[in-house]
Amino acid sequence: MDDESDIIRVFLSDGHAKSVRFDDNTSVQRIISVLLNGLEIDAVSASHFALRLTQLPIGHPVNNNECFWLHPHYTMAQIRQLYFKNLAASYHLRFELRLRFIPKNLQEMYQTQTDAFLYLHDQVRTDYMAHVAWKLEPEVAIELAALQIRKRFPNLTSSTVEKKLNWAAIDEEGGLSQYLPEAMVVKTKPKALKKSIVSAVKRVCNLTPWSCVFKFMKAVMKLARFDVEIFKAAIGSAWHRPLELYIGHEVGIAFMTQESPTPKKLADLSSVVEIHIKRLESGSEKYTVHLRLSGTSQPMLITVPTKEIAESLSHLIDGYQMMINQNDSAWSIREKAIQKPPHFVFGDREFSVTSTTTGSLERRTTIDSEEGDYAKSLTRDLGIDRRAVTLEELMGTGHFGNVYRGSFVDDRGHFMSVAVKVCKEDCEPEVTKNFLEEAFIMHKFHHPHIIKLIGMCTEIPVWIVMELAPYGELREYLKRERCSLDLSVLILFAHQLSSAVSYLHARKFVHRDIAARNVLVVTPRCVKLSDFGLSRCVDEDSFYTASRGKLPIKWMAPESINFRRFSSASDVWMFGVCIWEILMFGVKPWNDIKNHDVILYLESSQRLHRPPNCPQVLFKLLMDMWAFEPSFRVDMRHVKHVLNHLLNQIDHQIPFDQLSMPETESNPDTDSNGTTSDDYSLRRHVPVLRCDASSVPTSTLWRTLEQQRIQCEEDDRWLEEEEEKMLPNSASPVASPTPFFDESPTDLDKPRLPHGFEFDRSDDVLHAAVFRVVQSVSFITKTFTHGIAHDRFIRMGMDITDALGRLLIECDHCLKELTPGDQRQVQLVQVLLDSDQKRLTEALKIVEDGKSEPDLYETNRKTVLKIAHVLAMNCKHFQDSVDAARIRSNVANLKKKVYNV
């Protein structure tokens, strides 16, 4: 802990460390959230993680006498007081982020919380190497090492292991000691050791990398159970006949003696409702943990040797019960620090939330606006007395709140059934802010297919009272009732939602989270859009940029994934995915694809497959909604018009397979840019043939191939143009000072130059670095042919990665001259370049390793070209972002334009 800078270093499962800045009021829970956000682990997985202080040295097994588990409610001031009073002792402590609360079903964790599962795998592997591997027989250690090596090199086959196993890469990454005990590596002759490893890897080459992960973890589980923690304890309020106490999701609270071969369960972790710690007796070092269990009148008492172990045991039991029950903590450690009431800023207004009995939204500033006094109108229109609301049944749980079925009696005595969203009382102020913003947004909307807001209780915990949808979420309803739903009902649902989204867009709102899970079923023939926690208001023809937070990747448009940009066009994409979910009766999109791979599929022109019952005309509409470029997508008015036309045809008993698009109208509607809905058919991407060419009419085949050829030529021409535009002495002196194709004038990253000025690039090192990257991409694109030499292709690819590496170094220098806010904006785009560098390096590695596989070799080389092309586009976006940031920070080098007469 650094007293001067207030920064701690927290060690992760792979041995690396992250620095976290804090103040005295920062909670352990907040530090964990910051770390998980940086690791891109979703917030739902936070319940598995804990922070601990470990005593050094760490080479030997860590038990509960050598570490201190930190309760999530502890503040850093409390931790400083408890563990860092003695400076000499504090030098032997380090913070570690651990996945302590391990679920019963690891397969399910892998499928639903992949990033957290990978963290657990790294943790198990690190613990295995530190504490278990050195005890094993050499044959067993080599078998486990082979599983890890197979995972590291997924392209190996049993016939290519001897030639293709990359020993150089293993040496660069730390040598064989990262897979085998160091003593074994030192004592065994290298040639004999490598021979044994090759034989072992051959035996597991038939396994997929993920199968190797599960087989490894299963084997380690038999050697040292990582899903339980064992304590030396006595049952009861006395220290006699101590035994081994087991705590884990699967075993619950159990014990084992010398007479019993397996643990015997004492209680389920889910039954724990209250935890207290008390000293066994005056002057004693021993402590007793009191557990109150549901359904029993007498508490369970567990006696342990020290207070530290009692706190560790309580932390473990409490964490499991919270994870399983989705409840608050059952262990009250000490009085929480008094915190200021949470507040939030909405537009130009700032509000605080009070925790009084009646509660209110207090306005801190008085701003004249068209909407009047927001606080007064909100209290008058939305504020309701909590005593008028009765919670009756839990309907759903979430990380930050629960949803209950309840009842509400209004001022006139009218009774109605309602749904109540309850914000958890110990949530961060940011979460409370989001609850309030969602209520404010919902209050603006009045539409027959948008869930109605009835009111809210503004005292902590905040309650949002909404219209009740008795049939629940649409996705679950579709799965439950699929046998009774025909296509006409599914299209009806889609049309109702299209009218709701069109209504939002007409009021300049984007939803940002359109999905079947956020649609509620009010009656068997009526659905309504809900969950406006991510909704934002945007100006016409503009977009919203999300700077933080987890987002639903598999529903999102490419520009939202790549740049976190949201607009009415990205809503159209998401609504297309929602329609697909409806037609698939609740199946999730890209179900077998990991989040980080979705964008690769989209950029390679792959889309969700056609649902089995989907008419061709409807699937064509979906493809129009999934155009890669936002400007090529149809708008919601067009979608609504088409769905309405399909319903009219169904009403006239036209068979599903004969449904057709509406005919062109004489006076079609135009959008804000003056574009007719029919113009969208002229702005499609070049079609890709996905069929047997012999079955296609000759004219169609020729026309499609010709369009594909033209598109390839246009792509090459684009790269050449970008290279020419970025030359310091461009042939065109009146060329735009920003060296790429134009974007919308509302683009926030677009540099806004003073009239008559352009950028002076003569000494712009960063611009030159961007130019070198684009030049390298242009060169490999123009040079590439089917028969290009392997070594030359690899060398050109390495030239791109080298140029990109120099660009990233120059970026770090550039950031120092920007304001903190502009630094963050540029860093958001820099993340894309970091990702491109990693993808390109991995793709080149696959090409280099896969030379002997001719069937995949050319495909892999083309993958490198695709990634390089995306990299060039991201360099363009990066340069624009830097230029805009320089102008805002007043550090841009400008010169007057010179016009040739």
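- Looking at K104 and E250, no side-chain N of the basic residue comes within less than 4.0 Å of a carboxylate O on the acidic one, giving no salt bridge.
- Between the side chain of E229 and the backbone N or O of L316 there is no donor-acceptor pair closer than 3.5 Å.
- In this structure, the side chain of Q78 engages the main chain of T75 through a donor-acceptor pair within 3.5 Å.
- Looking at T303, its side chain does come within 3.5 Å of a backbone N or O of G236 through a donor-acceptor pair.
- R30 and D23 are not joined by a salt bridge, as no carboxylate oxygen comes within less than 4.0 angstrom of a charged side-chain nitrogen.
- S13 contributes no side-chain N or O that, together with a main-chain N or O of D122, makes up a donor-acceptor pair within less than 3.5 Å.
- For the pair N518 (side chain) and D513 (backbone), a donor-acceptor distance under 3.5 Å is present.
- Here the rule is side chain to side chain donor-acceptor pair (under 3.5 Å) with Y287, and of R279, K307, E311, E308 only R279 fits it.
- Y320 and F101 have perpendicular rings, their planes meeting at more than 60° on a 0 to 90° scale where under 30° would count as parallel.
- One side chain, S45 or D42, offers a donor N or O that lies under 3.5 Å from an acceptor on the other.
- Between the side chain of N402 and the main chain of V422, no donor-acceptor pair closer than 3.5 Å is present.
- Residues F214 and F117 place their aromatic rings such that the two centres sit under 6.0 Å apart.
- Shown are E393, E392, E467; of these, the salt bridge (charged side-chain N to carboxylate O under 4.0 Å, His left out) with R405 is made only by E393.
- The main-chain N or O of G586 is found under 3.5 Å from a side-chain atom of R475 such that the two form a donor-acceptor pair.
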